[in-house]
K.L.:
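Mind having a look at this structure? Questions to follow.
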Amino acid sequence: MRTRRVHGRLLLGVGVALMLAAVLIGLLAEGAAAAEGRGPKPSRGLPIPRPLAASQGIDNEACFACHSTAGLTTDLPSGEQLYLTIDRATYDSSVHGQQGYACVQCHTDISGFPHPEVTARTRRDFTLQKYTACTACHQDKYQATLDSVHQKALAAGNSNAAVCTDCHGAHDVQPPAQPRTRIPQTCEKCHSQIYNLYKNSVHGAALIGEGNPDVPTCIDCHGVHNVEGPSNSPFRLFSPQICARCHADKELMAKYGISTDVFDTYVADFHGTTVVIFEAIAPDQVTNKPVCIDCHGVHDILPPANPDSTVMKTNILRTCQKCHPDAATNFPTAWLSHYRPSPQHSPLVYYVRLFYQILIPALIGGMLIFVLIDGGRRLRNKGRGRGDE
Amino acid sequence: MSSPRKYLRFPLSYRAEHWVLVATFTTLAVTGLVQKYAASSISEAILRILGGIETTRVIHHAAAVILMLEVVYHLGALGFRIFVRRTYLSMLPSVSDVRAAIQALLFNLGFSKVRPQQGRFTFEEKAEYWAVVWGTLVMVITGFMMWNPIATTRFLPGEFVPAAKSAHGAEAVLAVLAIVVWHIYHVHVREFNKSMFSGNLTEDEMIEEHPLELADLKAGVAERPVEPSALSQRKRVFYAVFGLLAAAMLFGIYAFVTLEQTAITTIPPAEDVVIYAPLTPTPFPTALPSATPQPITAVTWDEGIGAVFQSKCGACHGGPSGLGGLDLSSYAGITAGEGNGPAIVPGDPEASMLVVKQSEGSHPGQLSGDELALVRQWIEAGAPEN
């Protein structure tokens, strides 16, 4: 026992020295990052957790002494192997490693050796036991995830549902949006088919092919930690406004020569009017009136000039028929294709409106004049104290 | 001046028609205009009260059907009067109405001393009646196109549907404004005309509004005389003909309502894609195969004992920087031990820290029973290097 105490004291000494160094390096790094105006984004509203004071824990060196050994594993009851090797360089270059966080700040159950017994039966169980460690520092993000489709699926027993580490990694956490292509690639890990659709869409191709910063990635539409189930009714009803965030932005759309009338013309039409009314007074109710994605596609949206676009003239009847199976050749032109009626586009509608714009004031104005003159005469007659005539 | 004499202007059936029209018109106007002006907060409040947009549309459609049935009835009643009773066509507009309108304007402006003398229906009433006829016609046709856009676009360009929608909404605004300005003024503001409630006008009112009709009534020439036998024969013909016409019109209304199933009633099919389709995860490096144990040819460090330590302890104590300062990778390391003492005491296994630790049975790099026995044997033999 004496030896163990001495052993411990030695560790402590080394630990304190390393911790102090880490804190200093961390502070310096943070100062430098702040000077550049960016840097790691700690959870807002929470005190930034500091690398642990040495007296509270175990130095990373102690952990790496074993855990940097390649091929370190333990067998789980499921027959899977739990990998215990941590690549030192990977951790040290992660956002946490750079700041000098100690292993035991997340692995709070480790206080020495032997470690507590692994109770997880599968690798996934192990992840699900451990990921809540993130909440110690990132409580607000965790709270946001509680409303997400992922956490709801997890609570419903779907152990595949994504938790913190599935998106961010565990020991290799990097800034999640640097580069921006990292975002869809993160989602791709579980949603590879959707990613394949997205990467060929007008948005995905611009992001992945050209590094265009204007196009939406997954999270611009779906949100980040509070990812909503896109098939539920409020999301569906709200979705046109998601598209409108960019597509009604004059400055942004001017760069690409895209009309910003798309939202207003949608709302002015039967489909859009209904959806907007539903959104306003019954967001939880289901309406089958189409939103943007029903015609333009969801993840595979193509520019309207693309021959494969769902809204291309040659394809649009088929798109209409998704909801209007009996629709025939003339039917699609009942939709004004986001144009405001003009002598060039939908002249019939334009002239009908013009007709009434002239007829209503002329007719009602005429009536008013007639009525006012009649009323005036009667008032005068009464003023003279005579009945009439 | 007042006279107790009353003249029947609107029999009960006329009044019933009027109130059906009032009810359907008002319902259609309210449920329609809230859709036309859906963005206004008043519309939103009304839509809420009515139970949402879908319910509002059902109410609108129901009122439209009742109005169309009323039109069928009206045509029947009208046909009866024209073809069976052969009444004077007092609602037909004529040049005299234009004259009366000009006369009224001149009188009101003080250019003329006399008000126009009018008959059973004044030009104001005729204007309103024919406006309702025109408006209903426009609404029925454009309403049909909106209700049945697929059927419509089988015969007409697609653009007719949004054009119909524009006309339907604009015509509604026109109709409501006309009622507010023309009808409310002439029937309720100028004089409150109660004939649509009681059915009657007083003699004074008749003198004021319909002097020519009053004169005809007094002369007994307001209605054509009818011979009973001719009347009953005309009735038989009319009932047969109108029965057929009414059947055709009712079928038309039925078709209007049921002609097409415009859209599916479910949510449109979404993207055909498997939502959870995980990428094959990058496999972790497979565990290193444990070194094939060298056959132990002699109980010495070089001839086998060293290899046992290498494979079982090397992960943590595999070099000079090994955990706890203990290096079990070399003979020098094991004999040097760690900071607080040697790992082995040659000749005395029980005093050797390594044996003590391993005997507890819970060290991570746990030696097997055989291996530990060999290590004891080696230490007892003085832990020879070779």
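Keep in mind that the numbers below use all heavy atoms, side chains included, and drop hydrogens, waters and symmetry copies. In what follows, every chain begins at residue 1, and chains take the letters A, B, ... in the order their sequences are listed.
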K.L.:
Please answer whether the main-chain N or O of Gly375(A) pairs with a side-chain N or O of Tyr185(B) as donor and acceptor at a distance below 3.5 Å.
P.N.:
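Yes, because the side chain of Tyr185(B) sits within donor-acceptor range (under 3.5 Å) of the backbone of Gly375(A).
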K.L.:
Under 4.5 Å from any heavy atom of chain B, what part of Ser346(A) do you find: side chain, backbone, both or neither?
P.N.:
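When you check distances to chain B, atoms from both the backbone and side chain of Ser346(A) fall under 4.5 Å.
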K.L.:
Compare all side-chain heavy atoms of Phe278(A) with those of Glu54(B) and state whether any distance is below 4.5 angstrom.
P.N.:
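They are in contact (side-chain heavy atoms under 4.5 Å apart), so the answer is yes.
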K.L.:
Could I get the full list of disulfide (SG to SG under 2.5 Å) partners for Cys187(A), not counting sequence neighbours?
P.N.:
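Partners of Cys187(A) under the disulfide (SG to SG under 2.5 Å) test: none.
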K.L.:
So do the side chains of Glu159(B) and Thr333(A) get within less than 4.5 Å of each other, counting heavy atoms only?
P.N.:
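Contact flag for Glu159(B)/Thr333(A) side chains = no.
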K.L.:
What part of Pro332(A) gets closer than 4.5 Å to chain B, counting heavy atoms only: side chain, backbone, both or neither?
P.N.:
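No part of Pro332(A) comes within 4.5 Å of chain B.
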K.L.:
With a 4.5 angstrom heavy-atom cut-off, is it the side chain or the backbone of Val286(A) that approaches chain B, or both, or neither?
P.N.:
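Answer is side chain: those atoms of Val286(A) sit under 4.5 Å from chain B.
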K.L.:
For Leu363(A), is it the side chain, the backbone, both or neither that has a heavy atom under 4.5 Å from a heavy atom of chain B?
P.N.:
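The side chain, not the backbone.
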K.L.:
Measure Ala268(A) against the heavy atoms of chain B and call it side chain, backbone, both or neither at under 4.5 Å.
P.N.:
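The answer is the backbone of Ala268(A).
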K.L.:
If you tally heavy-atom pairs under 4.5 Å against chain A, which of Pro162(B), Ala38(B), Ala178(B) wins?
P.N.:
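Heavy-atom pairs under 4.5 Å are most numerous for Pro162(B).
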K.L.:
With only heavy atoms counted, which part of Asp294(A) is less than 4.5 Å from chain B, the side chain, the backbone, both or neither?
P.N.:
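Interface part for Asp294(A): side chain.
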K.L.:
Could you check Asn158(A) against Tyr276(B) for side chain to side chain donor-acceptor pair (under 3.5 Å), going step by step and ending with a plain yes or no?
P.N.:
CA-CA 11 Å; Asn158(A) 181 348; Tyr276(B) 178 65; over 6 Å; no
K.L.:
Name the region of Thr287(A), side chain, backbone, both or neither, that has any atom closer than 4.5 Å to a heavy atom of chain B.
P.N.:
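Both parts, backbone and side chain.
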K.L.:
Where on Ala282(A) is there a heavy atom nearer than 4.5 Å to chain B: the side chain, the backbone, both, or neither?
P.N.:
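Neither the backbone nor the side chain of Ala282(A) comes within 4.5 Å of chain B.
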K.L.:
Any idea which of Thr266(B), Val173(B), Val161(B), Val189(B) has the most non-hydrogen atom pairs under 4.5 angstrom with chain A?
P.N.:
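Result: the option with the highest number of such pairs is Thr266(B).
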K.L.:
Please answer whether the main-chain N or O of Ala277(B) pairs with a side-chain N or O of Ser192(A) as donor and acceptor at a distance below 3.5 Å.
P.N.:
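Here the side-chain-to-backbone pair exists.
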K.L.:
What part of Val349(A) gets closer than 4.5 Å to chain B, counting heavy atoms only: side chain, backbone, both or neither?
P.N.:
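Answer is both: backbone and side chain atoms of Val349(A) are under 4.5 Å from chain B.
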K.L.:
Could you have a look at Lys165(B), Arg48(B), Gln261(B), Arg154(B) and say which one has the most heavy-atom pairs with chain A under 4.5 angstrom?
P.N.:
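Max contact count across the listed options: Arg48(B).
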K.L.:
Does any backbone or side-chain atom of His67(A) lie under 4.5 Å from a heavy atom of chain B? Answer side chain, backbone, both or neither.
P.N.:
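Looking at His67(A), nothing touches chain B.
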K.L.:
Using heavy-atom distances under 4.5 Å, tell me whether Leu368(A) contacts chain B through its side chain, its backbone, both, or neither.
P.N.:
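Contact with chain B is through both the backbone and side chain of Leu368(A).
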K.L.:
If every non-hydrogen atom of Arg377(A) is compared with every non-hydrogen atom of Phe107(B), which pair is closest and at what distance?
P.N.:
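Shortest heavy-atom contact: NH1-O, 2.9 Å.
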K.L.:
Look at the rings of Phe370(A) and Trp182(B) and say which category their plane angle falls in: under 30° parallel, 30 to 60° tilted, over 60° perpendicular.
P.N.:
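Rings of Phe370(A) and Trp182(B): tilted, 30 to 60°.
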K.L.:
At a 4.5 Å cut-off on heavy atoms, which part of Ile369(A) comes close to chain B: side chain, backbone, both, or neither?
P.N.:
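Ile369(A) has no heavy atom closer than 4.5 Å to chain B.
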